Peer 1: 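Input: one structure, supplied below.
Letters A, B, ... are given to chains in the order of the sequence lines, protein chains preceding strands, and every chain is numbered from 1. The structure presented is a predicted model; accordingly, all values stated were derived computationally and were not measured.
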Amino acid sequence: MRSYSAPVWQMALKLGLIGGAVAALLALIGMVEVFNQRAIIGGVISMGQTFLGLAVLLSAYAAARRAGTQTRSTALLAGAVAGAAVGLVIGGLALLMAAWPDLRTILINASPTLLALLTFGQAAPVALAIWIVAGGLLGAATGALLLLTPAVRSAILAALGAVVLVGVLADLLRLITSAWGVIGQALRWMFAGRGLSVAGALVVAAVVVLIGVLRQRGLPKLQPAAGRRSPRQTLLSLAISLAILALLPPVLGTYMSEVLDQVGLYVLMGLGLNIVVGFAGLLDLGYVGFYAIGAYMMGLLTSPELGFFNLSWWAALPIVLAVTILSGVVLGIPVLKVRGDYLAIITLGFGEMIRYLALSNALDPYTGGPQGVQLIAKPTIGSFVFDDVTKLYYLLLAGCLLTGFIAIRLRDSRLGRAWMAMREDEDVAQAIGINLVSTKLLAFATGAAFAGLSGAIFAAKIGAAYPQSFHLLVSINVLALIIVGGMGSIPGVIVGALALVGLPELLREFAEFRLLVYGVVLVVMMLYRPEGLLPSEAARREMHEDENVTEESALAQPAEPAIQLERTAT
Amino acid sequence: MAILELNDVHTYYGHIHALRGISLRVELGEIVTLIGGNGAGKSTTLNTISGLLRPRQGDIRLYSEDLRLLKPHEVVAKGVVQVPEGRRVFGRLTVTENLEMGAFTRQRGEVAAHMERVYALFPRLKERRRQLAGTLSGGEQQMLAMGRALMAQPKVLLLDEPSMGLAPVLVDSIFDTIRQLHGAGTTILLVEQNARMALQVADRGYVIQTGEVILHDTAANLRENESVQKAYLGVS
Ligand SMILES: Nc1ncnc2c1ncn2[C@@H]1O[C@H](COP(=O)(O)OP(=O)(O)OP(=O)(O)O)[C@@H](O)[C@H]1O
Ligand SMILES: [Mg+2]
């Protein structure tokens, strides 16, 4: 064991330096500074500082984990070394920035604000010392976490995580709760500055720990054991979920309703693209085209500005859907024989083509060209007009429930099985009697219809359709949310939309880093959880094939190898 | 009466004239084998029958009904089911799910009974019914591919080199299965490179060379035929 101590040192140092380098890089591209606008605990710790602290924490945790916990000192030592190394790099960056102010001409984000943030307002050498000592201490504390029992450890981590999460969203929570009248008044002490107050943070931590303790005792069973639900329980939980969903806009307020609307539009599209890509295995990168066709058709049919039809939203809807379905088939026919990468490229072209058509002057009388179409009709029921985000939420909710239901029924239908067979192997699908032509076209058509509905609601929401709303990025977003949620998984679409559309809306000031975070999230997902957050059955089994096999073969051949072993032994 | 009959079938790949007037027939309950070297046109013949390729000339009849212009899924619906070359299974689905997929053209109510029949034929598959098909051994995958085709209750089963790349023990067991199917009255058109085994199970055989039938006879006679022995049975 003693002979390991040198490699442990090196390993911890290496991890620390890597962690520090990543943190320094993120600081230099401006992320830390932007994060710093929000506080976790007002006046005590900002989000930027938390971010850098997280670099220490993660590096130290990884180092301590690898060092092992056989002896207390190795874990502590490894954590401390890694933490100090992170501190060294960040403090070193501060030193560099202080010594060489011109750095800013090369790295524009090496601003005085960042310097002040990194040096705590001290002289740079002092700051370096502080960073190393603080990093070492925090690292050692992280190492110490590993020595605790798992229950205590997870309680501490959960409490810290919850404080950070609530702190990050504190601004928003304050906004939301302020609309709650008396309750909002009563909760005001929880917030300070742009974060939580100290008392608020303590309460959040205490609540999380308390819930953890209660759960471990097994007192209130929040969730009944999976697979043992009676139909009545399912119905009950469905009713409760619906009631909660229906209550969201009044409880959360306008801003959150807007965010939820955005999520809803993407859930609709996600459910549609999930049929094309997830069920049928047809990689479609031009999906935004159908969304655009839905919105523009709604404009063409209802906008008095264009003055063709002036239909009501509801009267136009069936026509809009019919046209998008038709466009799905029209796109489908030329790509019937095309597979994989080629399909992706051709559909990509299709999406861009639609956007250029919308932009072009040739179609100006129908699409409004670059100016777009205004005055698109809002849906009405009787005298009730869906004219703001809170009301449209209900329309979207109804749309999502309907399409979700359709998607589930389709998945379990004969057509769903044909899609699955086609996704797995087109040639074999044909050999077992599946009509590839109709199966493919139905996938494109259904997917297009869902996107058309989303586009029609989108048009009503903003009352207009502009070419720039239908950028390629929309397609990428929808595809990414499907991948993150889990290819082919219907609940995955909802989770993916919340994570990739909802969350960024809540963290608006970080919008410029959105694509960076996307990239990182996707890479990390592909490495550690390729099946997605809520994988479909088939994907989950495939990714965990090894476990599956051993379990099955153990069942299939009981005790046989053991007998052979005995024979060879005698 | 012949259940399946090809008459002067010509198939092209672009300009390549791959089948140059193939005529053959398969009677009810028979095993007929097509033997021939690499690139002789055996797979092309099967793919032409199953509708994957369209012949430029000639006709293909199932009980005197014309198959020539039908799409592949329509040919399957008529009862001509092919087991493609290279034991293609749905790797991410379980054995049972693969079999269910095979019954795609059948009524749902019939599935369970047929599945039991297939499992009786391939007990090994039954042991592994919840295993992912992609993790089966090569021989097991071939059995599964055959079982999946049987789930469609074919009138004629088209087998494309079922023994390809399998260890000798497995080759034996695949041919045992073919014999059992024969015993149960299944009509089979069998393409094989392993002519020795094929001629042992078959009733009759056709020898194909560069897209033409150069010889056809009962399997017993072909086994005795000198040129067949030289070219395909490795007897010198
Ligand atoms: N897709 C294709 N395009 C062009 N030529 C093809 C194609 N498929 C097969 N051929 C040609 O057609 C001829 C017959 O091929 P086929 O696959 O039917 O042979 P085979 O008898 O099945 O051979 P093997 O025993 O090697 O499977 C060969 O000359 C082959 O090169
Ligand atoms: Mg072949």
Peer 1: For Phe104(B), does the six-membered ring have the charged nitrogen or CZ of Arg414(A) within the cation-pi criterion, i.e. under 6.0 angstrom from the centroid and within 45° of the normal?
Peer 2: yes
Peer 1: Quick check on Arg409(A): does its CZ atom have over 12 non-hydrogen neighbours (other residues, nucleotides or ligands) under 6.0 Å away?
Peer 2: no
Peer 1: Which residues pass the side chain to side chain donor-acceptor pair (under 3.5 Å) test with Asn98(B), not counting sequence neighbours?
Peer 2: none
Peer 1: With rounding to the nearest 0.5 angstrom, report the CG to CD distance, Leu93(B) to Glu424(A).
Peer 2: 4.5 Å
Peer 1: Write out, in numerical order, the residues from residues 328-349 of chain A with a heavy atom short of 4.5 Å from a heavy atom in chain B.
Peer 2: none
Peer 1: Please indicate whether Arg117(B) has more than 12 foreign heavy atoms, meaning atoms of other residues, nucleotides or ligands, lying under 6.0 Å from its CZ.
Peer 2: no
Peer 1: Distance check, rounded to the nearest 0.5 Å: Phe90(B) atom CZ versus Arg423(A) atom CZ?
Peer 2: 10.5 Å
Peer 1: To the nearest 0.5 Å, how far apart are CD1 in Ile434(A) and OG1 in Thr105(B)?
Peer 2: 9.5 Å
Peer 1: Pair Met420(A), Glu97(B) - check side-chain contact (heavy atoms from CB on, under 4.5 Å), show working.
Peer 2: CA-CA 11 Å; Met420(A) 194 208 284; Glu97(B) 286 165 340; 5.9 Å; no
Peer 1: Crowded around Tyr528(A) OH? As in, over 12 foreign heavy atoms under 6.0 Å?
Peer 2: no
Peer 1: Below 4.5 Å, heavy-atom pairs only: which of Arg108(B), Glu100(B), Gln82(B), Met151(B) has the largest tally toward chain A?
Peer 2: Arg108(B)
Peer 1: Which of residues 69-78 of chain B get closer than 4.5 angstrom to chain A, counting heavy atoms alone?
Peer 2: Pro72(B), His73(B), Val76(B)
Peer 1: Any side-chain heavy-atom pair from Arg148(B) and Val428(A) closer than 4.5 angstrom?
Peer 2: yes
Peer 1: List for me each residue that meets ring-ring contact (aromatic ring centres under 6.0 Å, His included) alongside Phe175(B), sequence neighbours excluded, and say none if there are none.
Peer 2: none
